[in-house]
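Right, one structure below, let's go through it.
Given the structure is predicted, the values throughout are model-derived calculations rather than measurements. Heavy atoms only: backbone and side chains are in, while hydrogens, waters and symmetry mates are out.
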Amino acid sequence: MQTERYQNVNAHTVDRWVLEGWQWGRPIDHKTFLRAKDGAWAIRLTPTKDVPRSWLGELDGAQVLGLASGGAQQMPVLTAAGARCTVLDYSQAQLRSERAVAAREGYDIRIVHADMTQPLPFADASFDLVVNPVSLIYAREVRPIWREVARILKPGGTLLTGLDNGLNYVVSDDEERIVRGLPFDPLANPSLAEELREQDGGVQFSHGLEECLGGLLRLGFAITDLYEDTNGEGRLHELGIPSFYAVRATRARHPASLTARLTSD
């Protein structure tokens, strides 16, 4: 019997989580949208900290892609702030929320059902800004995703991404002990896959700094800022130990230089 693609497992898992009230699957309400239209808005890439407004630049008329950003949290806010938004997600439940909020508030948004681990269905240099809340933990390889982000961003365009530092994968469930090493890869280690099945955790992967930040640098991105964040609950959070970080990176402004990097990487 053919094993189901891990990407499909994750899409079905997220669909179920949304029905159960998952933090990243709760769409914004009408009052939040109205406040955003009045200029009182914020978005998050990680559990507890708002993205600095200065990270987003001029939004009026900007072409923004929410990459694996369904759920009607970031895109409605950025639309209210003047951006022209597209959202791509592999979870149908997350995209239903995007459609529902867009219909409720009366705005247009391009909604794309697609897998971020595959080539993205957009032309080169299509977007000014890519917004990617924590989601690379559901992808085994980061490099192909970064290459596609570099391709679809305009010269000088910006990537905002939320990343996991791996700590959540090495500690016990009560976050009291170190019980695993890194990398965390359930496709390579069946015991990890079984743990995730028992916890209804989908299929998750750890990614290190070399892979995430080094991968951006090797593609010619400039990392212009970052901050750390906690889980928002649990022992690590109580001790102030970060488990996530958010990064602002800008794409190379010289297309020829970027093309050389994409073809040689």
Path from [X] to [Y] over hydrophobic side-chain contacts below 4.5 Å:
| X | Y | value |
| --- | --- | --- |
| Val130 | Leu136 | yes |
| Trp146 | Ile223 | yes |
| Ile43 | Phe244 | no |
| Leu187 | Phe184 | no |
| Val14 | Leu19 | no |

Over all heavy atoms of both residues, which pair between [X] and [Y] is shortest? Give the atoms and the distance, please.
| X | Y | answer |
| --- | --- | --- |
| Ala102 | Ile109 | CB-CG2, 3.8 Å |
| Leu236 | Glu175 | N-OE1, 2.8 Å |
| Leu219 | Arg147 | CD1-N, 3.7 Å |
| Thr117 | Ile145 | CA-CG1, 4.4 Å |
| His12 | Glu4 | CE1-OE2, 3.0 Å |
| Thr46 | Gly162 | CG2-CA, 4.2 Å |

Value rounded to 0.5 Å, distance of [atom1] in [X] from [atom2] in [Y]:
| X | Y | atom1 | atom2 | value |
| --- | --- | --- | --- | --- |
| Arg110 | Cys85 | CZ | SG | 12.5 Å |
| Leu213 | Leu226 | CG | CG | 7.0 Å |
| Arg251 | Leu159 | CZ | CG | 12.0 Å |
| Ile152 | Lys154 | CD1 | NZ | 11.5 Å |
| Leu45 | Ser69 | CG | OG | 8.5 Å |
| Trp22 | Arg16 | CH2 | CZ | 12.0 Å |

With a 3.5 Å distance limit and no angle check, can you tell me whether [X] reaches the backbone of [Y] through a side-chain donor-acceptor pair?
| X | Y | result |
| --- | --- | --- |
| Arg35 | His30 | no |
| Arg26 | Gly21 | yes |
| Ser135 | Pro133 | yes |
| Asn231 | His237 | no |
| Gln94 | Trp24 | yes |
| Thr32 | Ile28 | no |
| Asp128 | Gln63 | yes |
| Thr158 | Leu129 | no |
| Gln73 | Pro27 | no |
| His207 | Ile137 | no |

For [Y], is there an ion pair with [X] - N to carboxylate O distance below 4.0 angstrom?
| X | Y | value |
| --- | --- | --- |
| Arg44 | Asp229 | no |
| Arg143 | Glu211 | no |
| Arg84 | Asp108 | no |
| Arg140 | Asp185 | yes |
| Glu148 | Arg151 | yes |
| Glu105 | Lys37 | no |

Report yes if the side chains of [X] and [Y] come closer than 4.5 Å at any heavy-atom pair, otherwise no.
| X | Y | value |
| --- | --- | --- |
| Leu88 | Pro121 | yes |
| Val149 | Leu67 | yes |
| Gln118 | Asp115 | yes |
| Thr161 | Arg248 | no |
| Tyr245 | Asp164 | no |
| Pro47 | Thr230 | no |

I'd like to know if the side chain of [X] pairs up with that of [Y] as donor and acceptor (distance under 3.5 Å, no hydrogens or angles considered).
| X | Y | value |
| --- | --- | --- |
| Tyr90 | Asn8 | yes |
| Gln204 | Tyr169 | yes |
| Ser91 | Asp89 | no |

Between Arg53 and Trp41, is a side chain to side chain contact (heavy atoms under 4.5 Å, CB included) present by the stated rule, with each step listed? CA-CA 9 Å; Arg53 293 278 287 264; Trp41 58 267; 3.1 Å; yes
Students often mix this up, so state it plainly: with edges at 30° and 60°, are the rings of Tyr6 and Phe205 parallel, tilted or perpendicular? perpendicular
Answer yes or no: does atom CD of Glu176 have more than 12 heavy-atom neighbours from other residues, nucleotides or ligands under 6.0 Å? yes
For the pair Glu195 and Arg180, evaluate salt bridge (Lys or Arg N to Asp or Glu O under 4.0 Å) and give the outcome as yes or no after the intermediate values. CA-CA 12 Å; Glu195 282 187 49; Arg180 302 181 199 89; 2.6 Å; yes
As a quick check of understanding, evaluate side chain to side chain contact (heavy atoms under 4.5 Å, CB included) for His113 and Gln92, giving each step before the final call. CA-CA 7 Å; His113 178 236; Gln92 293 283 20; 3.5 Å; yes
Under 6.0 Å between the ring centres of Tyr227 and Trp55? yes
Between Phe122 and Phe127, does the side chain to side chain contact (heavy atoms under 4.5 Å, CB included) criterion hold? Intermediate values first, please. CA-CA 9 Å; Phe122 309 113; Phe127 296 98; 3.7 Å; yes
Side chain to side chain donor-acceptor pair (under 3.5 Å) for Asn165 and Ser243? Distances and angles first, verdict last. CA-CA 6 Å; Asn165 67 14; Ser243 48; 5.6 Å; no
After noting the C-alpha distance and the side-chain angles of Glu194 and Arg197, does the key distance pass the salt bridge (Lys or Arg N to Asp or Glu O under 4.0 Å) rule? CA-CA 5 Å; Glu194 182 59 30; Arg197 278 193 293 269; 2.8 Å; yes
Walk me through it: do Thr13 and Asn10 pass the test side chain to side chain donor-acceptor pair (under 3.5 Å)? CA-CA 5 Å; Thr13 300; Asn10 283 334; 5.0 Å; no
Given side chain to side chain contact (heavy atoms under 4.5 Å, CB included), test Val171 with Ile178 step by step and report yes or no. CA-CA 4 Å; Val171 297; Ile178 303 296; 4.0 Å; yes
Test side-chain contact (heavy atoms from CB on, under 4.5 Å) applied to Val64 and Val87, Thr79, Leu78, the passing residue: Leu78
